[in-house]
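Along the sequence shown, the residues carry numbers beginning at 1.
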Amino acid sequence: MTFSSVLDSIDGIVWGIPTIVLILATGLILTIRARGIQFTKFGRAFRSIFKENEGKGELSGFAALCTALSATIGTGNIVGVATALVAGGPGALFWMWIAAILGTATKYAECMLAIKYREVSPDGHVLGGPFYTIEKGMGPKWKWLAVLFAVFGALAGIMGIGTMTQINGITSAVNNAFDPNSAHIAFTLFGNDYTWATVIAGAVVTICTALVVIGGIKRISKVAEKVVPAMAIIYVFLGLSILIMNAMKIPGAFVLIFKSAFGWKAVGAGAMGFVFKQITDSMQKGIARGIFSNEAGLGSAPIAASAVQTNEPVEQGLVNMTGTIIDTLIICTMTGLAIVIAFYGDIIGGVTEWNAGAQGAVLTATAFAKVLGGDGHSVQFLLMLCLAFFAFTTILGWDYYSEKCLEYLTKGNMGPVKAYRWLYILAVAIGPYFTVNAVFTIADIFNGLMAIPNCVALIALSGVVAKETKAYFDKYPTL
């Protein structure tokens, strides 16, 4: 049995039907208990983003949102969507949407609870997140569950979503832009060739990461406030250009996505059938990659939200829930539609390798170039820049999340936290030398392990969510 097959087996267990049901059920329960807050308070949530808050904390509401977005808008939006579509078919995008719609209520609840149960020291230092939500909200007897979440959070940052997937996505995009034929080999490792483009890009990102993460949360948030809005605008512009130029193909793409989500798949000479395995594959990959992308239910965003300068937990919960809308329902949808539109004819025609064997960033870049036309080089270069900034800020955001998990585990002892920073930087350095499938599978596993204790706590505290939400809107019926 190969290492890859072992990872796939573990991933299949972690992301089996029970986990999928737990995540969807959490979102549904919180949607009901919060009275459909993602629909009824949609406009108010976006207006709250730029509101100046007063209270204890280290960050403004906008800075916390940007820090959270810096960790969510990353390779999941470009590479993750592509890998989901390859593994689960076009229908995976549908399940990403379902997870995001329900996940918006989940993101609201987990961020609101993080502020309610956070700890603020006399000097203003804040520590909060699912570990304190579990320990203080559910009671000391559940501390083992809080510890479990913190352990998985620290491991997820250093071994999966925070480091290897991000740097791997950056180096793949850089290599595709500058040396697509891999003509300039730097060295060979375990039978795999690595180009100079990969080596140089990996070294540059590692150095930049070291310069920022050593500075802590305030430096990370300053970088995020400047980079996140700019990179999102550039990528949205590219995505909108594709959709506008191919507006006539969008309805057909949606039909294909919906059919694929419920079991239809072109095979052989075009045979059709409702296949249970395809439905579960689409659900598993779509929901897993959706969680990878927007992190709703994962328990990471509440760690940043807990540092906000506010005395109103509900208000910051509203701000943070917009992140799921921006991340998945807007940015991931653009990526997914571009890929489906680009290869629509091949998929309908039953071509087995409709993606021409491409994976991750290369598949997305190929789709964008194919749809926009031209020589493709300028499109691939722009996409590379977007991915590089997306992934770099995700690396920064997840370092903060992981450090806070470790700080909880060590009861505030910063010695291990400082040592962890260097291990984190090392993980970034070696990330380019793993395969795309391997790093995403590892990330999926730890994401699922984090989500389980967090979702259990959210369901247990859904009554608190309902009570706090009602009290706030009774007190402040208008913004």
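- In this structure, OH in Tyr420 is found 12.0 Å from OG1 in Thr410, a value given to the nearest 0.5 Å.
- When ring centroids are compared, Phe152 and Phe446 stay outside the 6.0 Å threshold.
- The side-chain heavy atoms of Ile445 and Ile13, taken from C-beta on, include no pair separated by under 4.5 Å.
- For the pair Ser260 (side chain) and Gly91 (backbone), a donor-acceptor distance under 3.5 Å is present.
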Step-by-step side-chain contact (heavy atoms from CB on, under 4.5 Å) determination, Ile430 to Met164: CA-CA 8 Å; Ile430 65 175; Met164 295 181 185; 4.1 Å; yes
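- Although no hydrogens or angles enter the test, the distance criterion places a donor-acceptor pair under 3.5 Å between the side chain of Tyr194 and the main chain of Tyr433.
- For the atom pair Asp399 CG and Ser402 OG, the distance stands at 6.5 Å (nearest 0.5 Å).
- Surrounding CZ of Phe187 are more than 12 heavy atoms belonging to other residues, nucleotides or ligands, all under 6.0 Å away.
- Counting non-hydrogen atoms of other residues, nucleotides and ligands closer than 6.0 Å to CH2 of Trp196 gives a total of 12 or fewer.
- In this structure, Pro18 and Ile452 have side chains that are not in contact, with every pair of non-hydrogen atoms separated by 4.5 Å or more.
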Candidate pair Ile341 and Leu243, rule side-chain contact (heavy atoms from CB on, under 4.5 Å), full reasoning: CA-CA 9 Å; Ile341 288 170; Leu243 298 184; 4.3 Å; yes
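- The distance from atom CG of Asp193 to atom CD1 of Ile185, rounded to the nearest 0.5 Å, is 4.5 Å.
- Closest approach of Ala146 and Glu135 over heavy atoms only: CB-N, 4.3 Å.
- The distance from atom CD1 of Ile395 to atom CD1 of Ile167, rounded to the nearest 0.5 Å, is 5.0 Å.
- Atom-to-atom distance recorded for Tyr117:OH and Tyr132:OH is 15.0 Å, nearest 0.5 angstrom.
- Going from atom CD of Gln166 over to atom OG1 of Thr394 covers 4.5 Å, rounded to the nearest 0.5 Å.
- Taking 4.5 Å as the limit, some side-chain heavy atom of Glu110 sits within range of a side-chain heavy atom of Leu458.
- At a threshold of 4.5 Å between non-hydrogen side-chain atoms, the residues Asn246 and Ile250 do not count as touching.
- Taking both residues in full, the closest heavy atoms of Leu337 and Ala253 are given as CD2-CB, 4.2 Å, listed atom of the first, atom of the second, then distance.
- Nearest heavy atom pair, residue Ile134 against residue Ala457, reads CG1-CB, 3.5 Å.
- Using a 4.5 Å heavy-atom cutoff, the side chains of Leu93 and Met96 are in contact.
- Looking only at atom types and distance, the side chain of Thr209 has no donor-acceptor partner in the side chain of Thr206 under 3.5 Å away.
- Side chains of Arg118 and Ile115 form a contact here, defined as non-hydrogen atoms less than 4.5 Å apart.
- For the residue pair Ser300 and Trp398, no side-chain donor N or O sits within less than 3.5 Å of a side-chain acceptor on the partner.
- Across every non-hydrogen atom of Phe381 and Phe178, the tightest pair is CE1-CZ, 3.8 Å.
- In this structure, Val340 and Pro90 approach most closely via the heavy-atom pair CG2-CB, 4.2 Å.
- Trp95 is not listed as a side-chain neighbour of Ile20, based on a closest heavy-atom distance of 4.5 Å or more.
- Here the closest non-hydrogen pair linking Thr26 and Cys455 is OG1-CB, 3.3 Å.
- Checking Tyr424 against Glu403 by side-chain atom types alone, no donor-acceptor pair falls below 3.5 Å.
- Using a 4.5 Å cut-off on side-chain heavy atoms (C-beta onward), Trp97 and Leu329 make contact.
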